[in-house]
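A short write-up of the structure that comes next.
Within every chain, numbering begins at 1; the chains are lettered A, B, ... in the order of the sequence lines, protein sequences first and strands thereafter.
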Number of protein chains: 2
Amino acid sequence: MRTSRPRTKQGPRFIHERILADIQGKILSGRWAAGCRIPIEQELMKQYQCSRMTVSKVLTRLAHAGLIVRRRKAGSFVGHPHSQSAVLDIPDIKVEVAALDLPYSYGVLHRHKRRSSREEREIFGKDGAVPMLELDCLHMAGEQPFCLEQRLINLQAVPEAASETFAELAPGAWLRRRVPWMLAEHRIRAAAAEPEAAAALKIKPRTPCLVIERTTRDVASAITFVRLIYPGNLHELVASFMPIAAVSDADLRDRSPASRARSG
Amino acid sequence: MRTSRPRTKQGPRFIHERILADIQGKILSGRWAAGCRIPIEQELMKQYQCSRMTVSKVLTRLAHAGLIVRRRKAGSFVGHPHSQSAVLDIPDIKVEVAALDLPYSYGVLHRHKRRSSREEREIFGKDGAVPMLELDCLHMAGEQPFCLEQRLINLQAVPEAASETFAELAPGAWLRRRVPWMLAEHRIRAAAAEPEAAAALKIKPRTPCLVIERTTRDVASAITFVRLIYPGNLHELVASFMPIAAVSDADLRDRSPASRARSG
DNA sequence: CAGTGGTCTAGACCACTTC
DNA sequence: AAGTGGTCTAGACCACTGA
């Protein structure tokens, strides 16, 4: 489905693709059960008539993906599936709304400069107070409020934000442009809408909402904290778990633009 | 050259680790901006005094992780950060409760064999009806209901489930043992507790709940569908976004079972 | 058409860990 | 002590694709 492969599904073109597909298939299908020992490199070399390097790269990769565990002198073994882990896609809100085929608009409700409070200092990991920009934004899908964004930006880390109105670009996109490749930690929960949030979102107080809190860090310090509040009936997150297919060689080769065919 | 390594230095022990750390650091810190061209393999070979294979493996890995894009004849370039994506960890419920330091218990509320309904056939992707096992389970954290599990198991795919009481092992863990490495799709949303669910969870109806729905597939067909309902105040999901550090070599080395000597 | 990456080889030595 | 994986080399040829 997600392998937009050339129509004539020709098999793996490279040895390492064939080895990867074979082993992966045997594990995923259950033919090789968890804990089962898999052939050693020498055997695979013979089986596929290739050099050790080729086999080794495949096995290393499978180990990175967690499908197998390699132990010196003992051999390589099929891994035991750990806790469910999934790759979660958190697109830009504008993109989310666009995916629903609704006109997107956005506005800043509140904009306020202040110093960090004590609890915020915990998030931002500083000893002293730091200058912060506090923003409340409302993202609209047509006439309907879609998401309330409550954001704090560390002005020490991103001083340019102080003079930015965020009239054109929402803070999330603006920041991603400035500070690419940030590390983020997400917390996702359900909560009842507080009165002010409910008023902004035009829903009844105590309506269930999906709340996503994200702390975004640079290598050095926290850059921004954001709380996204979605009315429960309007939004759901979709995540898919793909043990290794997500990074199968063939897919990687055609990872051009069109790989974002996700449904909302 | 690399044989006599001073043990005083904690840093990367291998060339490829050093190259990976260097490039990754330059990208993540923003010193190399998105779209920026990075040195070609020949330059990196000279810079690190190593063979092309070593450089190539690192760059291939960075490309797999999405940090760089490689183009023949043009070179390798720092990738543009895509939409926020995160690795979501959905542990076994027993583990979740244990993490809260609460005594875990669990019981089957309801167990019923029947054929799939029309809507379910959509999920399970069959033309005809298939035999299903319907289960309702309640997971407890101490005296408090922690999660309500509503599950359907495709008995055509897992016939053994028909005679299983799930008295000892919860269906999730039981299935993971039988059918390892399943592919899963998650949907996460906030919803008000329905009256029956609220009664089972001993919460007021309409209380906000975090609902996780998961369809788990084999290569061939859907194996199980589960809806996990957590009272909103009791649970949150944590996800972290790590461009590549998640699979840094150093981490991977420690992942063996015996390496429990680490200071957590 | 030439620069660059993509794949592969046939070795080598080392490190770890189970036997 | 020996089996196994971990890393690395110095080449090679091919396949793209951008200039």
Rounded off to whole Å, could you give me the [atom1]-to-[atom2] distance for the [X] and [N] pair?
{"X": "B:Leu20", "N": "D:dG6", "atom1": "CG", "atom2": "C1'", "result": "16 Å"}
{"X": "B:His16", "N": "D:dG6", "atom1": "NE2", "atom2": "P", "result": "10 Å"}
{"X": "B:Leu62", "N": "C:dG5", "atom1": "CG", "atom2": "C1'", "result": "14 Å"}
{"X": "A:Phe77", "N": "D:dG5", "atom1": "CZ", "atom2": "C1'", "result": "12 Å"}
{"X": "B:Lys57", "N": "D:dT9", "atom1": "NZ", "atom2": "P", "result": "10 Å"}
{"X": "B:Gln49", "N": "D:dC8", "atom1": "CD", "atom2": "C1'", "result": "14 Å"}
{"X": "B:Phe14", "N": "D:dC8", "atom1": "CZ", "atom2": "P", "result": "6 Å"}

Exercise for review: Find out whether A:Ile15 and A:Val58 are in side-chain contact, i.e. whether some heavy atom of one side chain is under 4.5 Å from a heavy atom of the other.
Suggested key: no
Please report the closest heavy-atom contact between [X] and [Y], naming both atoms and the distance.
{"X": "B:Met140", "Y": "B:Val97", "result": "O-CG1, 4.1 Å"}
{"X": "A:Ser56", "Y": "A:Arg70", "result": "O-NH1, 4.1 Å"}
{"X": "B:Ile123", "Y": "B:Ala222", "result": "O-CB, 3.8 Å"}
{"X": "B:Ala33", "Y": "B:Val78", "result": "O-CB, 3.3 Å"}
{"X": "A:Arg151", "Y": "A:Gly172", "result": "NH2-CA, 3.4 Å"}

Exercise for review: Enumerate the residue pairs fulfilling ring-ring contact (aromatic ring centres under 6.0 Å, His included) with a member in residues 22-48 of chain B, sequence neighbours excluded, ordered by first and then second residue.
Suggested key: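 Sorted result for residues 22-48 of chain B: empty, none.
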Study note, to complete from the structure: Here the ring-ring contact (aromatic ring centres under 6.0 Å, His included) pairs for residues 156-180 of chain B, sequence neighbours left out, are B:Phe166-B:Trp174
Exercise for review: Taking salt bridge (charged side-chain N to carboxylate O under 4.0 Å, His left out) as the test, write out the residues that go with A:Arg52, two or more places apart.
Suggested key: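 Partners of A:Arg52 by the salt bridge (charged side-chain N to carboxylate O under 4.0 Å, His left out) criterion, ordered by chain and then number, come out as A:Glu41.
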Practice item. Can you sort out which residues in residues 34-48 of chain A have a heavy atom within less than 4.0 Å of DNA chain D? Ascending by number, please. Key: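 Heavy-atom cutoff 4.0 Å gives A:Arg37, A:Ile40, A:Glu41.
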Exercise for review: Would you indicate what A:Leu59 reaches in the nucleic acid, counting non-hydrogen atoms under 4.0 angstrom: base, sugar-phosphate, or nothing?
Suggested key: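 If one applies the 4.0 Å heavy-atom cut-off, A:Leu59 turns out to touch nothing in the nucleic acid.
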Review point. With a 4.0 Å cut-off on heavy atoms, is A:Ser56 in touch with a base, just the backbone sugar-phosphate, or nothing at all?
Key: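 If one applies the 4.0 Å heavy-atom cut-off, A:Ser56 turns out to touch a base.
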Close N/O contacts between protein and nucleotides 10-12 of chain D (under 3.5 Å):
from	atom 1	to	atom 2	distance (Å)
D:dA12	N6	B:Arg52	NH1	3.1

Review point. For the rings on A:Tyr106 and A:His139, is their centre-to-centre separation under 6.0 Å?
Key: yes
Are there any protein N/O atoms within less than 3.5 Å of an N/O atom in nucleotides 16-19 of chain D, and if so, which ones and at what distance?
from	atom 1	to	atom 2	distance (Å)
D:dG18	N2	B:Lys73	NZ	3.4

